[in-house]
Amino acid sequence: MSEKKRIMSVFGTRPEAIKMAPLVQALHGHPQIESLVCVTGQHRDMLDQVLTIFSITPDIDLNIMRFNQDLTSITTRTLEGLAPVLAEYQPDLILVHGDTTTSVSAALAAFYQKIPVAHVEAGLRSQDPYSPFPEEMNRCLISRLARLHFAPTESNANNLRQEHIQGLIEVTGNTVIDALLSMVYDAYTFQHPLLSDFNFAAGPAILLTAHRRENFGQPIYNICQAVRRLLQDHPSLRVIYPVHPNPQIQEPVRDYLEGVQRLNLIAPLDVQEMHNLMARCTFVMTDSGGLQEEAPALGKPVLVLRTETERPEAVAAGTVEVAGVEEEKIYQSAHALLTDPQKFDRMAMAVNPYGDGHACERIVACIEKWAGIRT
């Protein structure tokens, strides 16, 4: 038997961990691969929740998170932390995910030591370098550094080809669907006290999330005001909002929404609670990228609280609508889903473009081919 290939997965945030966890599990079970996990801890508690749920114990933990950290400090601590790790372990391949500051820093650290990089969830583009910020430029930079590009959809792959990106480009589907389908089931019992007693049959329930940097300031106030109006105009409506811990989200949300009837402000949920809440809500309002992919797999319409999306295939498929960040447009988009059954059904029944839950199998097969592994 040939020597095992050493593959290191590097991630640091909750969204990365959710999407990388099923791939890490697939690599851990491979007879020809020595799978290592390095976490940066860019998100600490939220990351650890996901690691616990998927029973993943990191081999290396850089633990870079600091209170009120900024992009520069995340980048420099990741680069400085990874340099000796990569020198010691000498992996044959580094896996990074998506568009976080951890991912672009890890790709750059690997490049500095001439270690090949594989990019999971490659090819997403909004075509606006400042929206989402800094994610759009992060993903573009990773594409230039990586040699293997695992694109969720054909349009993502075409973005890479149009940019003349070098290396292997493969359409695999999105690993988030693999993770999602492994955790949602009808008999699930919620651990959160609000959700364990929540009567989802009593009327419509919206799952709301908002956390992106470009929504700091006036946009988050607009979102909050639109939600207040929806609750005033729809007496049976309930809203569940897991509020991101960032102070620039916490403060305006508490100012505008604390104490509003039928609005439930709760701490961020672990991934399994979140996925099962998504499966039971009426529809989703979010600025999250991951939820745009996950909710359609569960038949839930999504209103995107941004001015654009790097997931245009979801808009084209009809599962997602860009509602923007202006109060009136957000209100009208949600009001329509609450009052127009035909529109709701069109979005709920549209086919999810992000895959069939076998993305990890395809990625592992691509790595085998690239590395010359025979099983």
Lys/Arg N to Asp/Glu carboxylate O, Glu34 vs Arg6, below 4.0 Å: yes

Glu293/Arg311 ion pair, N-O < 4.0 Å: yes

Which word best sums up how the rings of Tyr188 and Phe190 line up, parallel for under 30°, tilted for 30 to 60°, or perpendicular for over 60°? perpendicular

Taking the six-membered ring for Trp, are His335 and His234 parallel (under 30°), tilted (30 to 60°) or perpendicular (over 60°)? tilted

Under 3.5 Å, is there a donor-acceptor pair linking the side chains of [X] and [Y]?
X: Thr75; Y: Thr72; value: no
X: Glu313; Y: Tyr354; value: yes
X: Arg212; Y: Asn215; value: no

Does Tyr331 have Arg229 sitting over its ring (NZ/CZ under 6.0 Å from centre, angle to axis within 45°)? yes

Nearest 0.5 Å, please: how far is CZ in Arg144 from CG in Leu141? 9.5 Å

May I ask you to check whether over 12 heavy atoms, not counting those of [X], lie within 6.0 Å of atom [atom1]?
X: Tyr130; atom1: OH; value: no
X: Glu258; atom1: CD; value: yes
X: Tyr112; atom1: OH; value: no

Verdict with supporting geometry, Arg139 and Glu121, salt bridge (charged side-chain N to carboxylate O under 4.0 Å, His left out): CA-CA 9 Å; Arg139 60 173 76 108; Glu121 197 180 89; over 6 Å; no

